[in-house]
Structure formats: structure tokens, C-alpha cells
2 protein chains.
Amino acid sequence: MSSQLQSNSHHKVRESLRERIESSEWKLGELIPTEVDLAKEYGCARTTINRALQALADEGILIRKRKGGTRVCPIPIRQAKLSIPILREQVEAIGSEYSHQLVGRKIAAPSQSIRQNLKIDDGDSAFYAETIHFADHRPFAYEERWVNLKTVPEIENETDFDLLSINEWLIKTVPFSSGEVSFSAHKATERTAKALQTDIGAALFLVDRTTWMNGKFITTMKLYYREGYRLSTTI
Amino acid sequence: MSSQLQSNSHHKVRESLRERIESSEWKLGELIPTEVDLAKEYGCARTTINRALQALADEGILIRKRKGGTRVCPIPIRQAKLSIPILREQVEAIGSEYSHQLVGRKIAAPSQSIRQNLKIDDGDSAFYAETIHFADHRPFAYEERWVNLKTVPEIENETDFDLLSINEWLIKTVPFSSGEVSFSAHKATERTAKALQTDIGAALFLVDRTTWMNGKFITTMKLYYREGYRLSTTI
DNA sequence: TTATCTATTATGTGCATACATAATATAAAA
DNA sequence: TTTTATATTATGTATGCACATAATAGATAA
């Protein structure tokens with residue numbers, strides 16, 4: 001955590017306060033001194049204390065109210081930040097060579113649930129593709145993706161997904177989008193097992209993701225990871 | 001996102017800049033104007049611009065370097081914040097009644113890998129417990145937990161885990177701890193299937209978690225969720 | 001040419017000050 | 001007593017200013 005020495009006052013104050021909170025000098029839900037008092041104690045400007053306290057409040061370990069004062073969060077909620085890297089980086093991070101293969105591509109009318117995800121009408125068709133992602137030429141993840149042609153019509157004319165996978169192409173084309181992700185466990189079906197060269201019934205880690213931008217739905221996909229895959233983070 | 005109208009200048013500036021970034025006014029990796037220029041443009045102090053830019057940098061959509069200037073992050077890394085709620089809240093959030101049952105409890109010498117997680121010596125023993133968590137009296141998750149007796153010796157004398165589950169007791173006793181979590185998919189074994197009243201071979205969602213505080217290791221656990229469980233978040 | 005020094009530049013930070021704002025406590029009026 | 005106005009308080013924010021610091025570009029010396 002505090003591996004990088006910060007000689008800056010507001011960082012130092014923040015870490016000092018963090019320690020005091022974590023050592024239970026102030027108990028859960030308890031009021032801590034006011035900014036003015038802390039400024040006096042630390043011998044710095046109130047601005048500096050304010051900055052430190054706001055940062056801790058952003059982290060969720062303090063709760064602040066005007067006039068009410070600042071108190072230690074009564075129920076410390078653990079928040080894990082997990083970055084969702086693109087597959088190429090995920091594979092290269094473990095020192096393997098990344099490659100991918102487009103095994104299916106079509107324009108078709110998606111199922112009801114997919115239509116709902118992309119907010120498209122009943123008759124409308126969409127772009128569909130299946131991709132197998134490899135680490136050192138061994139299947140690593142299998143991707144089923146639908147792309148909304150109303151939002152990203154250019155994809156229909158995009159012929160070359162050899163260098164850039166569809167995901168990477170989309171990130172370049174629609175860089176800042178919001179999305180919803182969910183993680184679950186999934187028994188490998190005949191199709192997913194075949195794509196990942198594993199057994200039917202294997203426990204696959206499934207990432208479900210739908211992204212949109214300015215209210216326009218862009219893409220929805222299912223990403224099946226091989227057995228043994230772990231998504232890790234710190235809290 | 002910007003649902004709550006903020007009349008504050010630095011919030012307004014931040015959201016304005018966010019829109020300009022998301023509308024690709026500045027492309028991926030491109031340099032944006034300096035603080036001084038933006039301050040001139042927005043008619044505010046540099047401090048205000050600085051605050052807005054720092055916030056966007058914290059979010060990961062800007063990259064700042066002294067002298068180098070501020071640029072749009074070349075590879076927008078999607079960061080999902082996922083809060084790890086305690087099981088009681090998770091169950092009650094879906095409108096079900098929460099209950100739990102301690103099915104095993106002992107002081108024993110853990111396996112090599114657990115000893116490694118808790119950083120305890122070869123001969124040392126630790127506290128072990130298995131808990132089944134129910135939603136409306138149906139098994140929801142199965143927990144296997146080891147607790148380091150060197151760090152939390154009080155747990156040995158704690159007899160009553162009826163009201164508070166071990167996890168809840170630990171949160172109360174050691175409120176601010178760091179930890180590592182990993183998610184994966186796991187085929188139900190005889191034991192886990194039995195505990196969750198499901199079939200052997202079912203695809204379970206597994207959460208692996210180890211927590212520590214000030215370098216002292218507290219607990220490590222495996223939490224197996226029933227089939228169909230989804231962990232969701234937005235990015 | 002290469003290495004070394006030296007501006008220059010944009011961000012990082014701290015501070016004093018001033019005022020805004022939400023929430024509470026107190027006093028005054030009904 | 002209840003309601004309403006008013007003061008008080010702690011945090012929220014904006015600003016001008018000064019200086020620190022990292023990284024670069026340019027100038028100078030080897």
C-alpha cells in the first residue's frame with residue numbers, strides 16, 4: 001500500500017489517519033475530530049486535512065456530513081476494484097503468446113434475450129461472431145458476441161479481424177462505453193467444450209457483458225474461460 | 001452518472017471534460033490542453049481545473065505527467081467496482097430470509113496450502129469451520145474457513161455463532177483488513193454437492209478469499225455458491 | 001559526436017482566505 | 001406548547017499565490 005514514500009503532506013496525513021482508523025483509535029461509527037482540530041493537531045492548513053478526509057471518504061471508510069461531522073463508516077463495505085483487461089493483455093501478462101480465431105460470423109436475427117440486451121426490434125438482425133482466444137496456441141477462452149448494427153453499422157464492412165479481434169476493434173471504434181458485467185459458473189455444453197477442447201460438463205468461468213454508450217446499445221457477449229481460470233483482485 | 005445536478009464548478013468542469021473526452025473531441029492517447037489553458041477557457045482558477053483533471057485521472061480515463069501534460073488514456077481500461085457484501089445482505093437483497101448453520105468446527109492442523117495462506121508454521125493448528133448459508137431455508141452457499149489462532153485467539157472461546165455468522169463476527173472483531181479475492185468455476189465434489197443439496201459435477205461459483213491486517217494473516221476461506229449464482233456489476 | 005549542464009514547462013502541492021451550504025441548536029413568537 | 005425564525009457549526013468549494021518536482025528541450029562543453 002504505502003510502498004511509495006510520499007513526502008506530500010496530504011498523503012502523509014491521509015495515511016496517518018488511515019492507520020488511526022484501522023487501529024480502532026476511533027471505533028466503527030464514531031465521530032472523529034473536526035477538520036479544524038485535526039489541522040491544529042497536524043500543524044497544517046484545513047485544506048490539507050479536507051483533502052485527506054475526502055479521499056478516505058471516497059474510499060468508503062469515512063462518512064462525512066455538513067455540520068454533522070466526520071465519522072468512521074459503521075459498516076465497512078469491502079470494495080474490490082477489478083480491471084477487466086482485454087484478452088490479449090490477459091494472455092500476454094502470463095507470458096504466453098496470444099492469438100485468436102474467428103470461427104463463425106454472420107448477420108442474423110438474434111434470440112429474444114439477445115434482442116432485449118441490445119434493445120433491438122423483433123424483426124431486426126444483428127452481427128454475430130464466435131471467436132476462440134488462444135494462449136500459446138491452446139484454447140483459453142471462447143467468445144460469442146452480438147453487435148448492434150444500428151449503433152455500429154461499420155462492422156458489417158470490416159473484413160479483417162485477423163490483427164485486431166472484434167473486441168479490440170470495438171474498443172478502438174467505441175472507446176468509452178458503459179456496461180454491465182456478470183460472472184458465473186457454467187457447465188460446458190457440447191459446443192463450448194468443443195471450442196475449448198475440454199470435456200462436456202467441465203466447470204467454465206463465464207463472463208456476461210453488455211455495453212452501451214449514450215443510451216445506445218452496442219454489443220453483448222458471453223465469454224467462456226477454460227477450467228482453472230481465476231479472476232483475482234485485492235480488497 | 002450525472003443525475004445529481006452539481007452546481008459546483010469543479011464537478012461541472014469535470015463532467016464537461018468527461019463529455020468532451022467521450023465524444024472523442026480528443027482522441028485516444030491525444031494530448032489535451034494544459035491546466036492554464038483550460039482555466040482560461042472555463043473562466044476559473046487552475047486549482048479548479050486541476051481538481052477536475054485529477055479526478056478523471058483517478059478514474060483512469062486520463063493520464064497525467066509533469067511537463068508531459070495530460071492525455072486521454074490510450075487504452076481505456078475498464079474498471080469494475082464490485083462490492084463484496086456479506087452473505088446476509090446478499091440474501092436479504094433478493095428478498096429472501098437469511099439463515100446459516102455451522103456444520104463443523106474444530107481446532108486442527110491445516111494442510112500445507114492453508115498454512116501458506118495464513119503464514120503459520122508446520123506444527124501449528126488453526127480454527128476451522130464449515131458453514132452453510134441459506135436463502136429461505138434452501139442452501140445458497142457453502143463456506144469452508146480457516147482462522148489464524150495467533151491473530152484472533154478470541155475465536156476459540158466464542159461459542160455462539162448462531163446470531164452472527166463467523167464472517168460477521170470477524171468483521172466486527174477485525175473491521176479493517178486487506179485481502180485477496182479470486183473467483184473461479186468449480187465442479188461440485190461429493191462434499192460440496194451434499195452441502196448445497198445439488199448434483200455432483202454441478203458448476204459452482206467459487207470465491208476464494210484470504211484477509212490480513214498489518215501483515216498478520218487472519219483468515220482464509222472458500223465460498224461455494226449454488227448453480228445459477230451470478231455476481232454482477234457495472235463498468 | 002556524445003555527454004553534461006541548464007532553462008523551460010506542466011503538473012503537484014500547500015496555504016490563507018473567503019464564502020456557500022446543510023444540519024442542528026437555540027431563541028423568539030404564535 | 002408548538003411553530004417559526006435565527007444563530008451556530010462543520011464540511012464544501014473557489015481563488016490567488018508560492019514553490020516543488022519531473023521531464024523535456026536546448027545549449028554548452030568534452
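All values below were derived from every heavy atom in this structure, side-chain atoms included, with hydrogens, water molecules and symmetry-related copies excluded. For clarity, every value in this text was computed on a predicted model and none was experimentally measured.
A straight line from CG of A/L17 to P of D/dT11 spans 12 Å, rounded to a whole angstrom. Protein atom NE2 of B/H11 is 10 Å distant from nucleotide atom P of D/dG12, rounded to whole Å. In this structure, B/L53 atom CG and C/dT11 atom P are separated by 7 Å, rounded to whole Å. Distance B/I49 CD1 to C/dG12 C1': 16 Å, rounded to the nearest Å.
A/T219 and A/R145 are linked by a side-chain donor-acceptor pair at a separation below 3.5 angstrom, with hydrogens and angles left out of the test. The closest side-chain donor-acceptor pair between A/D58 and A/Q54, if any, does not fall under 3.5 angstrom.
For D/dT13, the OP1/OP2 oxygens have no side-chain nitrogen or oxygen of A/N50 closer than 4.0 Å. For D/dT11, the OP1/OP2 oxygens have no side-chain nitrogen or oxygen of A/Q54 closer than 4.0 Å.
The side-chain hydrogen bond (donor to acceptor under 3.5 Å, both in side chains) analysis of residues 172-181 of chain B, with sequence neighbours excluded, yields the pairs A/R78-B/S177. Judged as a side-chain hydrogen bond (donor to acceptor under 3.5 Å, both in side chains), the pairs with a partner in residues 23-32 of chain A (not counting sequence neighbours) are, in order, A/R20-A/E25.
Proximity of a side-chain donor or acceptor of B/D160 to a complementary backbone N or O of B/D162 within less than 3.5 Å is detected.
Of all the residues in residues 24-48 of chain B, B/C44, B/A45, B/R46, B/T47, B/T48 reach under 4.0 Å from DNA chain D with at least one non-hydrogen atom. Of the residues in residues 61-75 of chain B, those lying under 4.0 Å from DNA chain D by heavy-atom distance are B/R66, B/K67.
With sequence neighbours left out, B/Y225 forms a ring-ring contact (aromatic ring centres under 6.0 Å, His included) with B/F140, B/Y229. The side chain to side chain donor-acceptor pair (under 3.5 Å) search around B/R115 returns B/Q112, not counting sequence neighbours.
Counting only heavy atoms from C-beta outward, the side chains of B/L17 and B/Y42 approach each other to under 4.5 Å.
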